[in-house]
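Remarks on the structure that follows.
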Amino acid sequence: MIRVVLLFLLLLFGSVAKAQTSTDSIQRLDEVVLSDVKLKRYSHGYKVTVLNDSLLQKNRSSFTDILRFNSNLYFKENGYGMVSSPSFRGTNASQTAVIWNGISINSQLTGQTDFNTINTTNFKSVIIRSGGGSVQYGSGAIGGSIHLNNTLSFSPHFDNTMTLSYGSYDTKNVSYLSSYAKDKWSFNIGLNYIDSDNDYKYLSTDKRNTNGAYYNGSINANVGYVISPKDVIKLYHQTFLGEREFSGTISSPSLAKYEDQNFRTMLEWSRQGDKAFSKLKVAHLQEHFKYFGNKNTENYTFGKINTYLINYTADINLLTHLKLKPIVSYNYYEGNGSSFGDPNRKEFSTTALLQYTPNEKWQYGLNLRQDVTSGFESPLLFSFDVAYEVSDYYTLKLNGSKNYRVPTFNDLYWQPGGNLDLVPETSYQIDLGQDISYKSAKLNLNAFYIKTTDLIQWKPNTSGFWSPENIAETQNYGAEASLDVSKKIKEHHLSLQFNYAFTVSEDLESNKQLIYVPYHKANINLAYAYKRMSLFFQHLYNGEVYTTTENLSGRFYSVEAYQVSNFGMTYQLFKTKSQHIDVSLNVNNLFNTVYENVAFRPMPDRNFNFQIQYKF
Amino acid sequence: MLSIFAMSLLIVSCSSDDDGISSEPLGAYEDGIIVSGEGGPSSISFISEDLMTSENQIYFNANNEATGVYLQSIGFNDDKAYIVVDAGTITVVNRYTFEKLTTISTGLTTPRFIDFDDNIAYVSDWGDPFDATDDYIAVVNLTTNTVFSTILVSEGPEQVLEKSGKIYVSHKGGYGVNNVISVINISDNSVETITVNDVPDEMFIDESGDLLVLSSGANQSWLTPPVETEAAITRIDLSDNSIISNLEFPAGQHPGLMAYDDGAAYYVLNNKVYSLADNATSLPTTSLFDISTSYTYGLAVDDNQLFVTDASFTGNSTLLVYDISSRTETNSFSVGVGASKIYFN
């Protein structure tokens, strides 16, 4: 604990000294129109990072890669394109919530989102909210949350983007985006299809990734209609259909195959009343997987969950400086699958968010939530946050919260092993942040402490099969730094973006670092644009991770630290007022580095991707 | 655990070959205990015969690659060891150096155990684990290291034991439950079956040449209604496949591990070690001694010493050694992740 306090103090003083030297400030506000009000109005004391659509468009590779190279998140990917699970501040994948237009889409089966089943093509922005968010976003928002937001603009426009790309391993990608608005209607659609043999060479061996091919298609379509000056109705939809072979390890090739089918539909009615802005959401989510142990047979296991959700919320200005947002929500989950029968779960939750802004300098937030869930008791959750603008270029942020993660359907009902006596994991945390901006430079420094109890872990029981129990206690602490600098000299645009995270995540019984949590992770992005030409270079350092609870180190038991670089360039071939054509070339793993992200699962060698994009 | 008896025979024959000849050591792992860990990562550990030294991941150290997902069992024949991996491969190594010689992968799907008759190996294979009707015994030519024939058997073939021109296969049942021992006549690959209690697994040939089988009984508490059947130790007369004795355990007891040495079988139940002499007519009522494992996953007995693995699947496991006469723990070693099988090389 002393170490944690010291860390806080160190960061605090270090940055105060730095801030005093500032003479000028340009607040670079990220232009985002949020479909999720909670993020904008009720997260002042949190670190919120925005990846906007230009970045999402530029890095057309996987969502995993976008976040790996542009944020503090660490990913554990079972070979390129395979199951990819995030770790946020040393927590595990089921402690990271993924939020689609304000609602959680984490799997009810595994508790996590596989980041290789998310296509970012049509998202206006991806927002990373660091720190506990269970009050706002429910189960799983312990380390932080990733927000995928669609926006519907009603200002008249008609924009289209067509993209074709081809790359190594016979990777073909085609996508089409269209956005249209006129009068009372707004509409946008994103279609994306990717297909890859993904049979990359395992460097320094004579083997290839023989069972890693994948293809997937996604549709992302949203419609908005202005019913009256006070009422707007919006329909959001997302479909993801994918099939992947599951590659094996370097010593054991696999024959497995996995199919994903995810459907998400949400109808939202918002009304600007005299006293309150209210929203009613009705949603249906379906996740469905099929696992083929041997792709050459028709035998598979499956799991399927339907989620039905109704959610009502209002934004009320109680007083000039005091805002209240109550949320009531009812979720019904029904599942069926080869290994867990057909269980269901009902969940009712009430939430109150309070935001107090006494003056321009101070922001206070206080939030409470109580869930009533069938099957087990959920704790009362709270969070508070404070933001204090010390000066024009220095802001202090503090937040603390109690968060939870409910047992998944697998944890409860898996046959054999499912344990109906499980209770939710609970977690307390505190996070101190500092935002410093000077001219076109922005520095964020954060220090955090998280303590989690009743962690659910699967282990073999006395009857000879695996069963989950609430056994472990962990603590995570660490620090994050992000630096963002951009500079324009005549026609030369330069930008630099740097992230570093130091993370200790340890089991409180053994005081050992949890497996697959690197102590150090850093990335840097450099971009340069001149007239029609733009270039980028990105570099990632991923520290050593342990694969055993004893923290054995060395070639067999730990995954060595690695560094990978990507390089890309884009040239604008053709440009008129309303149309332009860009061609770009990306080189991934520029230096042909041999590396593994998960033990015995090599990652790709140097590979190329050529893209042509037409906007009209 | 493959036939420890068969291996001890081999050891006897090997050492008798060496008698009187002061030959060079055949390799670092010539004499001692081999412990395989399922993983992941799977690995093989070595402990010297005098219990003085040990080395982990010997296959990785010799070949700079891991053994694969998941290491099921190892078979020993002549100067070679055969590492059987669930994912569908058998890696052939020099048993004294663990240097890789070749890999057999064609014709294998979900291999489990291996035993030998001269230059031919018999490998139990679940086929597609979700298909109850495609299970087989793969027949491997050890000169060419290829599967040249398959023999269809009933669901979930597990351990394989060669004895006098016949191959005995215990059918644990794979993902389901089975209750037979297949008897394959090597001369014509014809298959007979012997019915025993549910979930037969461990098999040994006792001092009288009878087959000893441990069936752990079905214990499917998650089914509605739950299914539970009795475990048993069955002694079978191999001259006519008749059952000599069937000693059933009381309801609720499901031993999964058995070892055999020098006229007695040993099994573990709720952290207690029991011994059953060949001539016993009922199960023992008192145990020999207690063991301190939290998850007993491997068992072997040799030369009055009992070896058990206390398996961890998130880190290294522990091999514990007990002296049977003094009933005390004498040694412990760190071995690989998910340590499950103990062999004497």
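Below, all heavy atoms of this structure are taken into account, side chains as well, without hydrogens, waters or symmetry copies. Lettering follows sequence order; numbering is per chain, from 1.
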### Query
Which residue out of B:Asn56, B:Val69, B:Thr224 racks up the most heavy-atom pairs below 4.5 Å with chain A?
B:Val69
### Where A:Asn461 and B:Tyr295 come nearest, the two heavy atoms and their spacing
O-CE1, 3.4 Å
### Query
Hey, which of B:Asn316, B:Val85, B:Asn219 has the most heavy atom pairs under 4.5 Å with chain A?
B:Asn316
### Query
Within a radius of less than 6.0 Å around NZ of A:Lys201, do more than 12 heavy atoms belonging to other residues, nucleotides or ligands occur?
yes
### Message
Check this for me: A:Glu473, atom CD, are more than 12 non-hydrogen atoms of other residues, nucleotides or ligands nearer than 6.0 Å?
### Response
yes
### Query
Considering all heavy atoms of both residues, which atom of B:Thr67 and which atom of A:Ser251 are nearest to each other, and what is their separation?
C-OG, 4.1 Å
### Task
Find out whether A:Arg555 and B:Asn64 are in side-chain contact, i.e. whether some heavy atom of one side chain is under 4.5 Å from a heavy atom of the other.
yes
### Query
Should the heavy atoms of other residues, nucleotides or ligands under 6.0 Å from CG of A:Asn296 be counted, would the total exceed 12?
yes
### Message
Checking A:Asn294 against B:Asp128: is there a side-chain donor and acceptor pair closer than 3.5 Å?
### Response
no
### Message
Taking atom OH as the centre, does A:Tyr519 end up with more than 12 heavy-atom neighbours from other residues, nucleotides or ligands that are less than 6.0 angstrom away?
### Response
yes
## Note on the structure
Pair count under 4.5 Å, heavy atoms only, with chain A: among B:Pro41, B:Ala87, B:Ser43, highest is B:Pro41
### Query
What part of A:Ile250 is in contact with chain B, defined as an atom under 4.5 angstrom from a non-hydrogen atom: side chain, backbone, both or neither?
neither
### Task
Could you tell me whether A:Lys295 atom NZ has more than 12 heavy atoms of other residues or ligands within 6.0 Å of it?
yes
### Query
Heavy-atom count around A:Glu560 CD within 6.0 Å, excluding the residue itself: above 12?
no
### Structural part of A:Thr205 lying under 4.5 Å from a heavy atom of chain B
neither
### Query
Given the options A:Trp414, A:Trp466, A:Phe556, A:Tyr546, which has more heavy-atom pairs under 4.5 Å with chain B than any of the others?
A:Phe556
#### Entry: Reported OG-to-CZ distance for the pair B:Ser221 and A:Phe465, which is rounded to 0.5 angstrom
4.0 Å
### Query
chain B heavy atoms under 4.5 Å from A:Ser254: which part of the residue, side chain, backbone, both or neither?
neither
### Summary
Honestly, the part of A:Tyr557 sitting under 4.5 Å from a heavy atom of chain B is side chain
